[in-house]
Chemist: 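My structure is below; once you've seen it, I'll send some questions.
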Amino acid sequence: MLTVAFYDAKPYDRPSFEAYGAAHDMTFRFLETKLNEDTAALAEGCEAVCVFVNDTVNAAVIDKLYKLGVKLVALRSAGYNNVDVRAAFGKVHVVHVPAYSPYSVAEHAMALLLTSVRRIHKAYNRTRDFNFTLNGLTGFDFHGKTVGVIGTGKIGRIFTDICKGFGMKVLAYDKFPAKDSGLEYVDLDTLFSESDIISVHCPLTDETRHMIGEEAIGKMKKGVVIVNTSRGGLIDAEALLKGLRERKIGAACLDVYEEEGDIFFEDRSGHILDDEILSRLISLPNVLVTSHQAFLTEEALNNIAETTVENILSYFENDGICNNELCYRCGDIEHCRKERKERCF
Ligand code: NAI
């Protein structure tokens, strides 16, 4: 029986993981705490740890897990910017779930956008209070508007399809443009200056951190709506706040926030939020924040549990070979599995 320490466990994680685990002789030690240097010891006796986006898997944590005999870090997310994959090389193998439901995230991005632009959140609160006035609820048509999509991978492509369904013109930017996609790729400056709406769907890397900052915002149209369902660090939150206060940015829809690590996923009602920037963003009438909720559909949760259990099994029962391993040996973190027929190290 394999035992897996499951960090940052939430009630909605358990049913699917318990079901898939039980079917494969695997037990999960559900821990409410996040993984960090102080909590790594809770994985003692476990062959693997299962982590999410705000667990810390830095070099120090990896060393502690390695000394405990943990062989595998199984991310139950696609993004892995919270894992020092380079430090893990030679010590602990790292697997992730490359895709579980890109639809969940793309649809949430559109849900946020529609809610914000058509003021649904405000109307909902008003009518519950039997206030049936329309003042201040004026939105704008999506039809005929230009949406700039940064990152045209699995989620970005679905988002562009949804936007096209609304009759929007799509401008795309990607470091590696998709061939034969029919998308109109432009440089970032063109995308910034011509888009009425900008939605980011690329990973957070050293290169993309703060790609939307003061300079980029300066190039944008007045009244631009910015949507981020990718990673908080893609946007400089201070610059975003400044742009909103100066009325340059018309609205922001945020499912992620740069400093979300200690805030999101928890009930902070009744507490005073120490994060000044997030407090001020939430206080603005044209900012909509959800707390990293875009992935949260039944389909996605089931797919995450199924793939994570398969990843763990293939590592322990398939001579250490797992197609979803993040490898640093050849430098091509995600794709080297196509070249290799053996484990990463
Ligand atoms: P993907 O790997 O299919 O697509 C990412 C795209 O970004 C690729 O086309 C890639 O070429 C492009 N890219 C890489 N570097 C770039 C750069 N410097 N500039 C512009 N584009 C660049 O990933 P997928 O599945 O579409 O996910 C996108 C992001 O969504 C993930 O990185 C993750 O951060 C985020 N995400 C958020 C979730 C949420 O619940 N809010 C859930 C799942 C993913």
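It should be emphasised that the depicted structure is a prediction, and the values quoted were computed from it without experimental measurement. Just so you know, these numbers use all the heavy atoms, side chains as well, and skip hydrogens, waters and symmetry mates. Just follow the structure's listing: the first ligand is 1, and inside any ligand the first atom is 1.
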Chemist: Mind checking whether Tyr100 has an N or O less than 3.5 Å away from an N or O of ligand 1?
Modeler: no

Chemist: Is the shortest side-chain N to carboxylate O distance from Glu44 to Arg29 below 4.0 Å?
Modeler: no

Chemist: Compute the shortest N/O to N/O distance between Asp174 and ligand 1 and return yes if it is under 3.5 Å, no if not.
Modeler: yes

Chemist: Do Asp267 and Ser269 pair up side chain to side chain, a donor and an acceptor below 3.5 Å, judged on atom types alone?
Modeler: yes

Chemist: Using a 3.5 Å cut-off on N or O atoms only, is Ile150 in polar contact with ligand 1?
Modeler: no

Chemist: Please identify which atoms of ligand 1 are closer than 4.0 Å to at least one heavy atom of Phe176.
Modeler: 11 (O)

Chemist: Which option, Thr229, Thr208, Leu296, Ile158, owns the non-hydrogen atom nearest atom 17 (C) of ligand 1?
Modeler: Thr208

Chemist: Do any N/O atoms on Asp255 end up under 3.5 angstrom from N/O atoms on ligand 1?
Modeler: yes

Chemist: When you compare the side chain of Arg14 with that of Phe6, does any pair of heavy atoms fall below 4.5 Å?
Modeler: no

Chemist: Determine, using heavy atoms of Ala78 and all atoms of ligand 1, whether some pair is separated by less than 4.0 Å.
Modeler: no

Chemist: Just grab all the side-chain hydrogen bond (donor to acceptor under 3.5 Å, both in side chains) pairs involving residues 57-67, residues at least two apart or on different chains.
Modeler: Asp63-Lys91

Chemist: Just jot down the ligand 1 atoms closer than 4.0 angstrom to any heavy atom of Thr152, in number order.
Modeler: 9 (O)

Chemist: Looking at Val105, which atoms of ligand 1 are within less than 4.0 Å of one of its heavy atoms?
Modeler: 38 (C), 42 (C), 43 (C)

Chemist: With a cut-off of 6.0 Å (strictly less than), are more than 12 heavy atoms of other residues, nucleotides or ligands near CZ of Arg245?
Modeler: no

Chemist: Can you tell if the side chain of Tyr7 reaches within under 4.5 Å of the side chain of Lys34, non-hydrogen atoms only?
Modeler: no

Chemist: For atom 7 (O) of ligand 1, state which one of Pro203, Gly153, Ser291 supplies the nearest heavy atom.
Modeler: Pro203

Chemist: Any N or O of Ile155 that comes nearer than 3.5 Å to an N or O of ligand 1?
Modeler: yes

Chemist: Quick one: does Gly79 get a heavy atom under 4.0 Å from ligand 1?
Modeler: no

Chemist: Please classify the Lys175 to ligand 1 contact at 4.0 Å (heavy-atom distances, strictly less than): side chain, backbone, both or neither.
Modeler: both

Chemist: Near His271 NE2, under 6.0 Å, is it more than 12 heavy atoms from other residues, nucleotides or ligands?
Modeler: yes

Chemist: Apart from Phe166 itself, what residues make up its hydrophobic cluster, given side-chain heavy atom links below 4.5 Å?
Modeler: Tyr103, Met110, Leu113, Leu114, Val117, Phe140, Phe142, Val147, Val149, Ile158, Phe159, Ile162, Met168, Val170, Leu183, Tyr185, Ile197, Val225, Val227

Chemist: Any idea which atoms of ligand 1 are less than 4.0 Å away from a heavy-atom of Tyr173?
Modeler: 19 (N), 20 (C)

Chemist: How about His24: does its NE2 atom have over 12 heavy atoms from other parts shown lying under 6.0 Å from it?
Modeler: no

Chemist: Count the heavy atoms belonging to other residues, nucleotides or ligands that lie under 6.0 Å from CG of Asp262, then report whether that count exceeds 12.
Modeler: no

Chemist: What do you reckon, does Leu204 put a non-hydrogen atom under 4.0 Å from ligand 1?
Modeler: no

